[in-house]
Amino acid sequence: MDEDYKNVIGAHIAKIEHFISRYENLLAENRRMRELVERKESEIADYRSRLDNSNNKIKELEQKIDRLQIAGAFEASAVDVKEARQNIGRLVREIDKCIALLNN
C-alpha cells in the first residue's frame, strides 16, 4: 500500500508541476500581451496626434485658399477699374475733340 500512496502522490506532484509550469507560461504570455497593448496604445496616440496635426494643416490651407481667392477677386477688380479708367479717359478725349470741332 505504501507503493500505491507513492504512486498517487507522484501523480499529483506531476500534475501540480504541470500546472505551475502552465501558470508561469501564462504569466509570461500575459506580460507580453500587456507590453503589446501598451505599444499599440502608444502607436494609436501617435497616429491621433499626427491626424490632428494633418487636420489643422488642412484647415490652415483651406483658410489660405479662401484668402487667396478673395485677394484674387480684388485683383480682378483692380484690373477692371484700370480698364474702366482707360475707357473713361478715351471717352473724355473724344468729347474734347468733339467740343474742339464745334468751336471751330
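Between L36 and R32 the shortest side-chain heavy-atom distance does not fall below 4.5 Å. With a 4.5 Å cut-off on side-chain heavy atoms, E60 and K64 do not count as touching.
Atom CD1 in I44 sits 13.5 Å away from atom OG in S49 (nearest 0.5 Å). A distance of 9.5 Å separates OH of Y23 from CG of N30, quoted to the nearest 0.5 Å. Note that CG of D2 and CG of N7 are 10.5 Å apart. Values are rounded to the nearest 0.5 Å. Remark: N56 CG to L51 CG distance equals 9.5 Å, nearest 0.5 Å. Note that the CD1 atom of I88 and the CZ atom of R93 stand 11.5 Å from one another [nearest 0.5 Å]. Atoms NE2 and CD1, on H18 and I13 in that order, are 15.5 Å from each other to the nearest 0.5 Å.
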Query - Test log, rule salt bridge (Lys or Arg N to Asp or Glu O under 4.0 Å), inputs K40 and E43 - result: CA-CA 5 Å; K40 293 301 177 184; E43 289 175 13; 3.5 Å; yes
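In summary, the side chains of N87 and R90 do present a donor paired with an acceptor at a separation below 3.5 Å, with no hydrogens or angles considered.
Electrostatic pairing of E62 and K59 does not count as a salt bridge here, judged by no charged N lying under 4.0 Å from a carboxylate O.
Not one N or O on the side chain of S21 forms a donor-acceptor pair closer than 3.5 Å with the backbone of E17.
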